[in-house]
Structures are given as structure tokens and as C-alpha cells.
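Numbering of ligands and ligand atoms starts at 1, following listing order.
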Amino acid sequence: MLYRTEEKNFFRHIFQQNITPFQITKNLRSFPVLRSRYFLIAIIVIISSVNLKAQDIIQSKTYPQNYYRYPLDLPPSTAGSFGELRPSHFHSGLDFKTNQRIGYPVHAIFDGYISRLRIQFGGFGKALYITHPNGYTSVYGHISAFTPQVAKYIRDYQYKNQVFEADIPVPRGLFQVCKDDVVAISGNEGASAGPHLHFEIRDTLTEETINPQLFGLTIPDNIPPAITSIGIYHLNGNPFSEKTPREFLSVTGAAGKYRLANPQVLNLSGNTGFAIGVTDMNSSSMNRNGIYSLELKLDGITVYTFSVERFAFDQTHAINAYIDYPAFLSTRRWMQKCFILPGNRISLFPQSINRGIIPFNDDAEHEVEYIVKDVAGNTSSLILKVKSNTTAGNVPAPPTGQLFKYDKKNEFVNDKIKVTVMPGNLYDDLDFIYSTQPMKAGGYSAVHRIHNKFTPLHDGYEIWIKPDVSLGRYADKAVIVNAATGSIGGNYEGGYVKATARTFGDYYIKIDSVPPVIKPLNITNGSNLPAARAVNFRMSDNMSGIKSFRGKIDGKWVLMEWAYKTKILSYTFNNDIAPGKHTFELVVSDSKNNVTTFTADFNR
Ligand SMILES: [Zn+2]
């Protein structure tokens with residue numbers, strides 16, 4: 001009977017956790033009766049799967065090897081790794097270093113066709129997508145130039161649609177490429193902190209982004225991850241929040257072997273979560289990158305794994321549920337939690353027991369082990385000795401506000417405000433706290449303290465605020481502002497100003513009736529510009545932000561490009577303006593439709 005039950009549980013465990021054959025023996029440890037019978041079978045399965053897994057890293061799928069080349073001719077070196085922790089997102093690709101300069105040829109990594117072209121103010125700046133015949137799409141971001149044919153295709157699209165930012169689907173067959181073809185020039189465009197090539201490999205069908213190093217595009221690396229600290233969270237049956245009692249302990253060690261700086265047996269009781277502070281370097285650069293995988297074991301049994309194999313873009317905000325977000329906001333400390341919040345649906349947790357939360361409820365001694373790997377398989381580990389304690393713990397605190405359930409629609413309503421949080425937007429249940437603060441100068445409502453900024457949210461939620469002061473003729477200029485970060489936009493609707501917010505915090509109504517400011521840099525009325533390369537402007541807005549800009553010469557729309565780093569808006573002369581007298585017009589609008597127009601005659 002015991003045998004049958006255990007067999008059933010074991011297979012349920014294996015299938016639920018999506019465990020690969022390689023991991024079966026590890027899991028057999030928790031099923032002692034089965035172990036003897038299945039040990040031989042497991043060994044055979046392992047031997048047959050070894051060839052698929054040259055590196056002992058956690059991986060659910062295998063990827064084509066020896067098809068793709070590196071996109072640059074430079075020795076491969078990375079300034080950023082796949083899945084690396086970034087503010088509000090996991091890094092979606094590899095950042096290849098380019099010797100701190102732009103201008104290196106970027107090669108197609110394999111045969112295929114250009115399937116998408118993108119021009120953004122921020123983000124990748126300029127990006128190129130190549131779809132390959134074997135089910136994957138490669139992406140090249142922050143590039144400085146395309147091939148002349150592709151550049152003309154983009155420009156024609158921009159003129160036809162009268163837009164600067166463009167996301168252009170390209171039909172198959174228009175731009176075929178072969179492996180090795182130069183498809184672009186490396187750059188530093190968009191929201192890039194320095195010259196490099198941002199490179200991705202995506203699953204063409206699902207658009208999930210996949211770790212490029214799993215395709216054999218490896219980076220020389222024999223340096224194991226560096227563990228800097230660990231975190232212990234006394235959850236005790238409560239949702240995780242900024243109030244969760246926590247301790248951070250410093251760590252010492254090197255070359256893969258780490259221990260607590262102050263060696264001790266930890267006395268723990270009740271539901272406990274663990275976290276780790278860890279970075280990784282490779283042999284080719286001095287940059288601190290992210291790790292590949294994290295495993296937590298209790299007495300030799302895996303209770304939690306994390307691995308940056310692949311993820312969907314609409315899940316990337318879940319990084320704020322993965323890290324200790326309150327600690328990050330208060331002290332910029334990146335603690336990677338080894339327990340999973342119930343509403344965190346990102347696919348980076350191949351297996352876990354009880355979401356990684358360990359209930360210490362006996363009087364025994366236990367061993368908690370962290371195992372951290374980089375994508376090359378270099379491993380670091382740390383063992384904690386724990387004395388479990390039955391005397392306390394697991395008494396949930398009663399909510400002091402309104403209980404929000406992470407998997408339900410939640411509403412907070414009073415006569416001045418409505419807040420609606422949809423299912424899936426919270427990662428854990430929340431003791432939602434609301435209060436009112438005095439009105440601020442220039443405000444049209446009291447300040448509504450909507451919980452606090454420490455709760456991570458997956459998506460925007462709705463706020464409706466009733467004005468406390470008549471909006472009069474300014475109803476269509478009303479916005480909601482976050483007291484710390486500024487306008488989140490909004491519309492007046494049925495007696496409320498309504499907007500979508502991405503964080504909790506202090507919110508109130510303001511009026512934006514001030515138009516944007518245009519500052520011409522090299523043109524005034526009557527300017528002589530016979531040899532000017534471009535006409536340049538700066539523009540700014542006080543509150544709701546710039547929504548659109550339109551440049552015209554002699555009444556005809558012209559392409560104006562807005563550079564993210566310099567914030568300069570420019571029209572570049574392109575042999576299409578004949579010598580003589582012309583009129584330049586620039587119209588800039590903010591999000592509340594306040595408009596500024598600049599006009600100047602100039603001679604070319
Ligand atoms: Zn990048």
C-alpha cells in the first residue's frame with residue numbers, strides 16, 4: 001500500500017514539476033521505497049540523456065547546436081547576460097560588448113529573412129529581426145544603421161505613415177539573408193547605456209525569448225557565481241510584504257565555496273522563505289552579470305529551482321515578485337527569493353515543493369543548501385545549519401485594512417475614490433491600507449494614499465478620483481498625478497478623473513493647461529541655412545508629457561527624429577529641399593492636447 005501510494009505520488013511529482021530525466025534520481029531521494037526499484041532505470045535514463053546535456057544545468061528543452069554564428073566578428077564578450085536582473089524586467093538577451101564604440105558589422109547568425117524592423121525613441125532605438133527556417137527569430141538592437149535598401153524601406157514607411165516611431169512587419173521574401181551577411185552596423189541607439197549589440201533569439205511562434213547561450217553561442221567562462229549575502233523571511237502564514245520580518249546575513253568565500261561570515265546554527269520556526277544575493281562574472285570581461293540557475297535544497301531534497309532558460313515578454317514584470325522588491329526600493333539591494341509568490345506566473349521556476357516555502361515545525365536539525373550556477377555550469381554553493389523549533393510560528397496576523405486576494409477582482413470604494421485591481425495583477429494577497437492626506441498646492445483633490453509603493457503590480461490598475469475643487473472649464477485638462485513620479489494622464493468621466501496607474505502610492509488631481517516648450521537650436525525666422533546638415537530643436541513639457549510632434553517644410557510633412565540620449569529633435573536635410581526660400585513649421589502637442597507651434601522662414 002505504501003509502495004503504491006508512493007509510486008503514484010512520485011509520478012505525479014515528476015509530471016507536475018516537469019522534471020527532466022536528468023533530475024529523476026535527485027527526486028527519488030524523497031521517495032525511499034521506490035528508490036531501490038527505480039534506481040537502475042533512472043541510471044539508464046540518465047546515461048542516455050547525458051549527450052543532450054553537456055553542461056549540468058537546469059534546462060527543460062534542447063536547442064539546435066552548431067547552426068548559429070556569433071553576430072559580431074569580435075571575440076564574444078558580454079556586458080549583460082540573459083535573464084539578468086534589471087529594474088522591472090529580466091534582461092531579454094545578451095549584450096555583446098563592442099570595445100566602447102559603434103560601427104562594427106553585424107552579421108545574420110543564420111539564413112532567413114528580415115521579418116520586422118523597429119524604430120523607437122527609447123528601447124532598442126533601431127532594431128532588426130530575422131526569422132530563420134528552424135523556428136527561431138534573431139533580434140539585433142541599438143544598431144546605428146541598416147543596409148541602404150532596408151534604410152530606404154523604413155524611410156518610405158515613415159513618410160507614408162507620417163511617423164517617426166515605427167514597428168514594421170516585413171513580408172517574407174522581401175529581404176532574404178544568408179548566414180554571415182552584414183545586415184546592420186552596431187551602435188548605441190535608444191535606451192542604451194553605452195555602445196553594444198543587444199542580441200536575442202526568440203521562439204518564432206510564441207515570441208518567448210530564449211537564452212542564446214543554450215544554442216552554443218557560449219562565452220568563455222570558468223568563474224563561478226559570487227554569493228554576497230543571504231536573506232531569511234519569517235512568513236508565518238502571512239502574505240509576503242514589506243512588513244515580513246527578514247534578516248540579511250553576510251557571506252564569505254571564494255571559488256565556489258561560500259559560508260556565513262558569522263558561522264552559526266540558525267534557530268527557525270514556522271513557514272520560512274530564503275533568498276540570496278549573487279552575481280556572476282565570465283572570463284572575458286569585468287562586468288558583473290546574472291546567474292543562470294538557483295536551486296534550494298532541504299536535507300538534500302530540491303524544494304525550489306529557478307533558471308533563466310526562456311520567458312514570455314508579458315511576464316517580465318514578475319521580476320518584482322521574484323526579487324525582494326521592498327528591499328530593492330529602499331536600499332537597491334537585489335535579493336533573489338527562493339520562494340515563489342502564488343500569483344507569479346513567469347516560467348522561470350522548473351520545480352518547487354510548497355512554492356519553496358519551508359515549514360520548520362519539528363525539533364530536528366536541518367541543512368539548507370543553495371546551489372547557484374552560471375550558464376557555463378560553474379557552480380557555487382552555501383550550506384546553512386538550521387535548528388527547527390516547534391514553539392512558535394504560523395500564526396497569521398489579521399488584516400488591518402481590506403483584504404485583497406491576488407486571484408480575485410478587488411475594489412476599494414468610498415465617496416471620493418474608486419480603485420479596481422484585476423485578478424492576476426497582484427502576486428500575493430494584500431492587506432490593503434487607504435488614507436487621505438491634505439490637499440497640495442495646485443491640487444484639485446485631496447491626496448489619496450493608495451496603499452504604498454512596495455507592493456509589486458503586474459499590470460496597471462484603475463483609479464477614479466472625484467475632484468474636491470470644481471474643475472470648471474478645465475475638466476478636459478485634468479490628470480491624475482503620482483506625488484512622487486508625476487502625471488499618469490487621465491480623463492474626466494462621470495464626475496471622476498480616471499487613469500491607469502502602475503504602482504500604488506499617493507495620487508491626486510491636477511490640471512495641465514500649459515503647452516509644451518519648443519526651443520529652436522539653429523533656426524530663427526529668416527535664417528540662412530545653405531550648408532546646415534540639420535535643423536535641431538529641444539522640446540519639453542511640464543506635466544502630461546509630449547504626445548506628438550509634426551515637422552513640415554512648405555506645408556509638407558518631413559521626418560523628424562528624436563534622439564533618446566541628447567533629447568534633440570532634428571530634421572536632416574536630404575537633397576530634397578531646393579535652394580531658395582522655405583518655411584519650417586513644428587507643432588508639438590502634450591497628452592492633454594495643449595499645442596505649441598513654431599514657424600520660421602529660412603533660406604537654403
Ligand atoms: Zn540588452
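- Between Phe164 and Phe121, the distance from one ring center to the other does not fall under 6.0 angstrom.
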List the steps, then state whether side chain to side chain contact (heavy atoms under 4.5 Å, CB included) holds for Leu174 with Tyr153.
-> CA-CA 10 Å; Leu174 198 58; Tyr153 185 78; 3.3 Å; yes

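- For Tyr564, the OH atom counts as loosely surrounded, since its 6.0 Å shell holds 12 or fewer non-hydrogen atoms of other residues, nucleotides or ligands.
- When atom types are taken as modelled, the side chain of Asp280 and the backbone of Tyr292 share no donor-acceptor pair closer than 3.5 angstrom.
- Counting only distances under 2.8 Å, and ignoring water, the protein N, O or S atoms around the Zn ion (ligand 1) are His91 NE2, Asp95 OD1, His198 ND1.
- Taking the centre and axis of the six-membered ring of Phe248, the NZ or CZ atom of Arg333 falls inside the cone set by 45° and 6.0 Å.
- Looking only at distances, a side-chain donor or acceptor of Lys179 sits under 3.5 Å from a matching main-chain atom of Tyr67.
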